[in-house]
Number of protein chains: 2
Amino acid sequence: MSVADRKAREKEALKMLILKGAKKLFIEKGIEQTTIRNIADEIDYSVGTVYVYFKDKNAILHDLHSIGFQELGGYFKELFSIEDPMERLRKMGFIYIKFALENQEMYDLMFNLKAPIEFLTNCDNEDWDEGATTFGALKETVHQCIQKEHFKGHTLEPLTFMIWSLVHGMCCLEIRQRTKGVKFTNPDTILYDGYNEFLKIIDRL
Amino acid sequence: MSVADRKAREKEALKMLILKGAKKLFIEKGIEQTTIRNIADEIDYSVGTVYVYFKDKNAILHDLHSIGFQELGGYFKELFSIEDPMERLRKMGFIYIKFALENQEMYDLMFNLKAPIEFLTNCDNEDWDEGATTFGALKETVHQCIQKEHFKGHTLEPLTFMIWSLVHGMCCLEIRQRTKGVKFTNPDTILYDGYNEFLKIIDRL
DNA sequence: TTTTATTTTTGAACAACGTTCATTTTTTTA
DNA sequence: TAAAAAAATGAACGTTGTTCAAAAATAAAA
């Protein structure tokens, strides 16, 4: 019994080692530039071993995308202590942007790359649980704002989606380099400047 | 003299033929799933010929991204006749979303894929003219709104960027399939529903 | 027209990729 | 210590983007 247990633990450990190596290389040189051979080299195993623990590259990317959501959850932790939902909403956006800028490759993987969603589709999995949960957290905060008489005349779900899109859009444009070359007056702070315009608006709602 | 002219015209024609074939396949089966060999087959030329007319795959993607901006310009044409800048701003967003939904692969290429920007970087080109021009058009409309006493207390460039991000974010989430699996009540109309929430807000500003 | 020069097109060949799987090595069990 | 099971291996396969010497087609010169 204990042998099987240890084996299971070792299997899990090696799986994590692969993911850790993959993440390191992804951050170092980009996801597209990282090959399975690179990952195998990084952790001193052969290519074949990687394929014993992961069906394909999409499976690695999906698991790493899930880890990304855990890390985003870590960033969000400090929000729990904020009572006022409007205050929490404001801060949530800032943290979201901060996470995206500090973890660009992971953010790309979580919200932009096709691989994690393709993996789910291949597994006949209709739902994107990580996304649904995170969106649910934002929706709950917006819901509380509405209960406190904010956002009069608005509909919860579309409003929440609009807010998500607003911050996501900024992060996306930045990470995919669409803010470079557009000749902003203040390119370095445009994300936070843009978000502040949003804050100015909702302060009045 | 006329021979050289004809040759130049033929060169241009073949270049366009390659782009046309590439675009067809991109729309049919996706950009990532389309190979140079596919493109060559499509237009009954060999692989080598494609490389005579384009430095690499990024060059094709960049030229096609420029064509995409021309097409977006076509969608935007009807905006010129709208006098009221607020009305024009509202409609601009709708058309932007419409373009994105009706030309998903092209939109992805224009605003998401790294290839066109990588191409510019490789050519030591700092500027992304197509993006800057389109952003400029939006900025001009927002500027006229401000002149008509709308958006009091807001700063032009960050506000414009925020609006762009809002619609881009929605299109991006949709195209990259992040709206599927999140269990929206009305997944089919969420983009327009979300944008309508934005319209409700700016109607009061 | 025939020959030479130039331009255009070709597709085999290369390195690198994701992926597979028969074989080898290691570990567990008898 | 020997047999069985599990884990790890890396050569090999099909595809990819890309290159480039050779071939084919066209233009210029004779």
Side-chain angles (χ1 to χ4, degrees), chain A residues 1-19 21-22 25-26 28-64 109 113-116 118-119 121-123, chain B residues 1-19 21-22 25-26 28-64 109 113-116 118-119 121-123:
Chain A
M1 186 71 78
S2 88
V3 172
D5 282 3
R6 201 200 65 225
K7 290 247 173 181
R9 255 183 290 122
E10 280 174 359
K11 267 193 90 164
E12 195 58 29
L14 185 43
K15 213 170 172 179
M16 286 302 174
L17 186 68
I18 293 170
L19 288 173
L25 293 176
F26 287 171
E28 261 177 36
K29 46 187 263 178
I31 291 174
E32 281 190 332
Q33 283 68 44
T34 301
T35 70
I36 305 285
R37 283 172 181 83
N38 288 339
I39 297 170
D41 279 359
E42 173 70 26
I43 59 171
D44 294 319
Y45 276 89
S46 71
V47 224
T49 304
V50 175
Y51 278 91
V52 171
Y53 291 85
F54 292 94
K55 197 179 113 282
D56 53 21
K57 202 182 182 183
N58 276 359
I60 299 177
L61 291 171
H62 173 267
D63 277 18
L64 225 42
L109 181 57
L113 294 199
K114 288 172 179 169
E118 266 173 13
F119 175 82
T121 308
N122 271 30
C123 298
Chain B
M1 185 72 79
S2 88
V3 171
D5 282 3
R6 201 199 67 224
K7 291 249 173 179
R9 253 183 292 123
E10 281 173 359
K11 267 193 87 163
E12 194 58 31
L14 184 43
K15 211 171 172 179
M16 286 302 174
L17 187 69
I18 294 170
L19 289 173
L25 294 175
F26 287 171
E28 262 177 36
K29 45 186 262 177
I31 292 174
E32 280 190 334
Q33 282 67 45
T34 302
T35 71
I36 305 283
R37 282 171 182 84
N38 290 339
I39 297 170
D41 279 358
E42 172 71 26
I43 59 171
D44 295 319
Y45 276 90
S46 71
V47 227
T49 305
V50 175
Y51 278 91
V52 171
Y53 292 85
F54 292 94
K55 197 179 112 283
D56 54 20
K57 203 182 182 184
N58 277 358
I60 299 177
L61 291 171
H62 173 267
D63 277 20
L64 226 40
L109 181 57
L113 294 198
K114 289 173 180 169
E118 266 173 15
F119 176 81
T121 308
N122 270 30
C123 299

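Scope of the values below: all heavy atoms of this structure, side chains included, with no hydrogens, waters or symmetry mates. Throughout, protein chains are lettered first and strands after them, A, B, ... in sequence-line order, and every chain is numbered starting at 1.
For the pair B:Tyr53 and A:Val47, nearest-nucleotide mapping onto DNA chain C gives the more 5' position to B:Tyr53. Nearer the 5' end of DNA chain D, as judged by each residue's closest nucleotide, is the contact made by A:Asp44, out of B:Lys55 and A:Asp44.
The shortest non-hydrogen separation linking A:Lys15 to A:Asp63 is CE-OD2, 4.0 Å.
In this structure, the side chains of B:Tyr51 and B:Ile36 come closer than 4.5 Å at one or more pairs of heavy atoms. Between A:Lys11 and A:Lys7, every side-chain heavy-atom pair lies at or beyond the 4.5 Å cut-off. For the pair A:Asn122/A:Asn58, no side-chain contact is recorded, criterion being any heavy-atom separation below 4.5 Å from C-beta on. With contacts defined as side-chain heavy-atom distances shorter than 4.5 Å, the pair A:Tyr45/A:Ile18 does not qualify. Taking 4.5 Å as the limit, some side-chain heavy atom of A:Leu17 sits within range of a side-chain heavy atom of A:Leu14.
For the pair A:Ile31 CD1 and C:dC17 P, the computed distance is 16 Å after rounding to whole Å. Here C:dG18 presents its P atom at 7 Å from CZ of A:Arg37, a figure rounded to the nearest Å. For the pair A:Lys11 NZ and C:dT27 P, the interatomic distance rounds to 17 Å; values are reported in whole Å. Here C:dT8 presents its P atom at 16 Å from CG of B:Leu17, a figure rounded to the nearest Å. Across the protein-nucleic acid pair, B:Gln33 atom CD and C:dG18 atom P stand 15 Å apart, rounded to whole Å. Here the C1' atom of nucleotide C:dT27 and the CZ atom of A:Arg9 are 16 Å apart, to the nearest Å. Between A:Ile36 atom CD1 and C:dT20 atom P the separation is 11 Å, expressed in whole Å.
Here A:Phe54 lies out of heavy-atom contact (under 4.0 Å) with every strand. Counting non-hydrogen atoms under 4.0 angstrom, B:Leu14 reaches the backbone sugars and phosphates but no base.
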Is there a side chain to side chain contact (heavy atoms under 4.5 Å, CB included) between B:Glu28 and B:Leu25? Walk through the geometry before answering. CA-CA 5 Å; B:Glu28 262 177 36; B:Leu25 294 175; 4.0 Å; yes
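Heavy-atom contacts of chain A under 4.0 Å fall on DNA chain D between two terminal nucleotides, which in 5' to 3' order are D:dA6 to D:dA12.
Residue B:Thr49 places none of its side-chain N or O atoms closer than 4.0 Å to OP1 or OP2 of C:dT9. The side chain of A:Tyr51 places no N or O atom within less than 4.0 Å of a non-bridging phosphate oxygen (OP1 or OP2) of C:dT20.
The side chain of B:Val52 lies closest to C:dT10, out of C:dT19, C:dT10, C:dT7.
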